[in-house]
Number of protein chains: 2
Amino acid sequence: MAIRPAEQLIHKAAWLYYAHGLRQDQVASQLNISRASVAMYLRKARETGIVNISTSTQLFTDDVMARRLEDALSLDAVWIAPENDYVIDPSTDIAVLAASVFLELVRKGDRIGVAWGRTIYTIADIMSYADLQDVTVVQLCGNLGAPYSYRPDQCTMEIARRLNAKGLNFYAPLVLTTEALAHGLRAEPVIREQLSGISDCDLALYSVGTVDADSHVVKCGALSVGEMALLREAGAAGVIAGQIIDASGKALDCSYNRRVISAALSSLRQIEKRLMVVQEDSKFEPLLAALAGGLCTHLVVGARMAKRLLEHAGAATEKAS
Amino acid sequence: MAIRPAEQLIHKAAWLYYAHGLRQDQVASQLNISRASVAMYLRKARETGIVNISTSTQLFTDDVMARRLEDALSLDAVWIAPENDYVIDPSTDIAVLAASVFLELVRKGDRIGVAWGRTIYTIADIMSYADLQDVTVVQLCGNLGAPYSYRPDQCTMEIARRLNAKGLNFYAPLVLTTEALAHGLRAEPVIREQLSGISDCDLALYSVGTVDADSHVVKCGALSVGEMALLREAGAAGVIAGQIIDASGKALDCSYNRRVISAALSSLRQIEKRLMVVQEDSKFEPLLAALAGGLCTHLVVGARMAKRLLEHAGAATEKAS
DNA sequence: CACGGCTCTCGACAAAAGTCAAATTGAGCG
DNA sequence: CGCTCAATTTGACTTTTGTCGAGAGCCGTG
């Protein structure tokens, strides 16, 4: 890169502007460049994460409902995106919040596991840039064979790029045709290493998928609509990192799961901070399953979903007493 | 406070503006207030740390000199503020850098020990606001009896205020007239508790003082010019948190030190991250003493001082070999 | 050495943000 | 009930910032 001299200038401009609080024209005369260039450098500084602008997500945890949900579900932290109030775009609203929360949870030196899906990709897409050295972003599950819009490796790489972090992809298909082949592939050193490294993560980011025809695993061709219907009858309740879970949050005992190359649920549970983000209201049952399976310690949801969860939890304790 | 509804508005405005990237007039129409109010709320949001704008201090560690200093002095990290280059105000320059470094080192839940002095107060004064819950700022040494411009409790409180943290002052004089009284006071539960809690800190912020007539301990009347001169002859090389140290960084065996109420040097050494900031070139010898005593793991200095340190370290290794 | 293709830089204009004094609100009080 | 006082809000104005197309410098290539 010939951006070496510019790199230095970007730093200096950012420093004078943001740390010292000079105006752009003052910075310009300091560095003997035009003000327009300063403006451009500053944009680059923001885009590369040399400067970091973050807003506290306090507001969303302060919500009484969030507190009650934390208690009811015994989660570490819950963020609720308001949905009636001052909303811009209901779908990106949760993603924006999730991105902020995510950045708030990341620490230098962390190892981060990232799953895939529309939700995750949306988050990656709107996430602001940061300059986190020594962060590694690892892919939690195998790739889709067919080109599909929100591929696991894309999610991983995009988040790594935003964070200036190292991205660790692994190039295995998400699902294979035979159990034997999956077994063999999992034993491959490259794959095995990646899979066993997942429990060393400090933070995981994932969503949960539905088990109907709209599910991503169906849309990307990993499962046919018919197979999915059958699995559903067999007790499938949700999809986590490409794997089917039942209502209790355990991996469903089925051929499909045995043919999948992905992080074992037990490895996921070993990750200290498991951030789950749910956008769609239709993911209520899958979310319940994930919660039952202890696959989530930090939760970002919309207000409607929060309300339903709370009502459900209330009904459950009533029934119990 | 009747700022309850406003507090909410500040959060919302900050969220829409900084997280969603709306323009001020869009935020204004969203919240049904005037754009001018939005501008005001945003300023408040920045001032209260609801939004956080930080710039990477990378540039200052990337310096080759900083790397070499880290190695030569076996420190965890060194930041060097350039002094010939694009400098605004040589004295605040180091403080601005130190404040950024400090904010970069602080973590949620941390306990932070803060000493006193002009340097520390300058840092506190230009430090930007942050919203760190569960942070406690503790005072490392006793107060001055006489009202003096940069009092230990002022330094502690100002930093706590900027961080939205809890400030833990302790109201004992820095130095007493008799050793017996100092001994008795140190045994007081309130004082003892505070002093013993110092080793639990995760981060310490201090500078080092000179041992001449210009020293703060002299200027504030804790020691007379004559006494200081005598101590100097006895081997005094610097002042740390109100205590006199010798060239090897150990507390000097003298009546003054026994009459001081302050953090034991051994407690300070137990703190994981010890950030030392030195502004004045005249503090070369005191800094050497502090370094010898292992009282510093992270260092912020100006370029001239860095050069001198490096030359000194080079000469020392040469002599050794 | 002239030629695109490239990035970086700048001036000028348009857009956005900051500021201030005046107006409004609202709480406390005689 | 009407008053004051302080805090908040606003519209109008100024300053600051963002953007765009043009031009300048800099390779590698034909």
Side-chain angles (χ1 to χ4, degrees), chain A residues 1-56 59 85-86 88-89 92 96 126-129 161-162 164, chain B residues 1-56 58-59 62 85-86 88-89 96 126 128-129 161-162 164:
Chain A
M1 287 197 237
I3 333 174
R4 192 42 17 116
E7 184 86 342
Q8 191 84 337
L9 270 181
I10 294 174
H11 261 105
K12 288 184 179 181
W15 184 251
L16 292 173
Y17 186 76
Y18 286 107
H20 279 272
L22 297 196
R23 285 197 322 259
Q24 292 190 355
D25 50 0
Q26 297 178 298
V27 176
S29 64
Q30 272 285 329
L31 301 177
N32 278 95
I33 50 176
S34 77
R35 210 193 46 67
S37 296
V38 173
M40 193 211 58
Y41 285 148
L42 293 179
R43 184 162 38 72
K44 277 195 179 165
R46 285 187 299 264
E47 281 171 1
T48 46
I50 288 172
V51 314
N52 220 327
I53 302 183
S54 64
T55 65
S56 161
L59 177 62
D85 212 2
Y86 58 104
I88 311 307
D89 175 355
T92 64
V96 170
I126 53 90
M127 177 163 6
S128 62
Y129 293 80
R161 195 174 71 83
R162 301 268 171 159
N164 266 306
Chain B
M1 287 199 236
I3 331 176
R4 191 44 12 122
E7 184 86 344
Q8 193 83 337
L9 270 182
I10 294 175
H11 261 106
K12 288 185 179 180
W15 184 252
L16 292 174
Y17 186 76
Y18 286 107
H20 279 270
L22 297 196
R23 287 197 321 263
Q24 292 192 353
D25 52 355
Q26 296 178 297
V27 175
S29 65
Q30 271 286 330
L31 302 177
N32 277 96
I33 51 178
S34 77
R35 216 200 83 267
S37 295
V38 173
M40 195 212 57
Y41 285 147
L42 292 179
R43 184 160 38 72
K44 276 195 181 167
R46 285 189 298 263
E47 281 170 0
T48 46
I50 288 171
V51 313
N52 222 324
I53 302 182
S54 64
T55 66
S56 158
Q58 192 74 11
L59 176 62
D62 269 359
D85 213 2
Y86 59 106
I88 311 308
D89 176 356
V96 170
I126 52 91
S128 61
Y129 293 80
R161 194 174 72 83
R162 302 268 170 156
N164 267 309

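Side-chain atoms are counted along with the backbone in the values below, which use heavy atoms only and exclude waters and symmetry mates.
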Mind running side chain to side chain contact (heavy atoms under 4.5 Å, CB included) on A:I53 and B:N52 for me, showing each step along the way?
-> CA-CA 5 Å; A:I53 302 183; B:N52 222 324; over 6 Å; no
Between CG of A:L9 and C1' of C:dT7 the distance, given in whole Å, is 14 Å
Qualifying residue, where the test is side-chain contact (heavy atoms from CB on, under 4.5 Å) with B:Y17 and the options are B:L22, B:L42, B:V38 | B:L42
Is any side-chain nitrogen or oxygen of B:Y41 closer than 4.0 Å to OP1 or OP2 of D:dT9?
-> yes
With sugar-phosphate meaning primed atoms plus P, OP1 and OP2, does B:L42 contact a base, only sugar-phosphate, or nothing at under 4.0 Å between heavy atoms?
-> nothing
Short side-chain N/O contact to C:dA16 OP1/OP2 from B:Q26, under 4.0 Å = no
Side chain of B:R46: nearest nucleotide among D:dT9, C:dG18, C:dC10?
-> C:dG18
A:Y41 and A:V27: CA distance, side-chain angles, deciding distance, side chain to side chain contact (heavy atoms under 4.5 Å, CB included) verdict = CA-CA 11 Å; A:Y41 285 148; A:V27 176; over 6 Å; no
C:dA17, C:dA12, C:dC20: which one has an atom nearest the side-chain heavy atoms of B:R23?
-> C:dA17
So which heavy atom on A:T55 is nearest to which on B:A14, and how close?
-> CG2-O, 3.9 Å
Take atom CD of B:E47 and atom P of C:dG18, then tell me their distance rounded to the nearest Å.
-> 12 Å
Whole Å only: how far is the CG atom of A:D25 from the P atom of C:dC10?
-> 14 Å
Rounded distance (Å) that lies between atom C1' of D:dT19 and atom CE of A:M40 | 12 Å
Separation of B:Q24 atom CD from D:dT9 atom C1', in whole Å?
-> 15 Å
Indicate whether OP1 or OP2 belonging to C:dT9 is found under 4.0 Å from a side-chain N or O atom of A:S37.
-> no
Which part of the nucleic acid does A:R43 contact within heavy-atom distance under 4.0 Å: base, sugar-phosphate only, or nothing?
-> sugar-phosphate
Can you figure out which of D:dT10, C:dG11, D:dT17 approaches the side chain of B:S34 most closely?
-> D:dT10
From CZ of A:R35 across to C1' of C:dA17 the rounded distance in Å is 13 Å
Between atom CD1 in A:I33 and atom P in C:dC10, what is the gap in whole Å?
-> 7 Å
If you look at every heavy atom in A:A39 and A:Q24, which pair is closest and at what distance?
-> CB-OE1, 3.7 Å
Between A:Y17 and D:dT17, does any side-chain N or O lie under 4.0 Å from OP1 or OP2?
-> yes
With the side chain defined as heavy atoms from C-beta on, B:A36 is closest, among D:dT8, C:dC20, C:dG18, to C:dC20
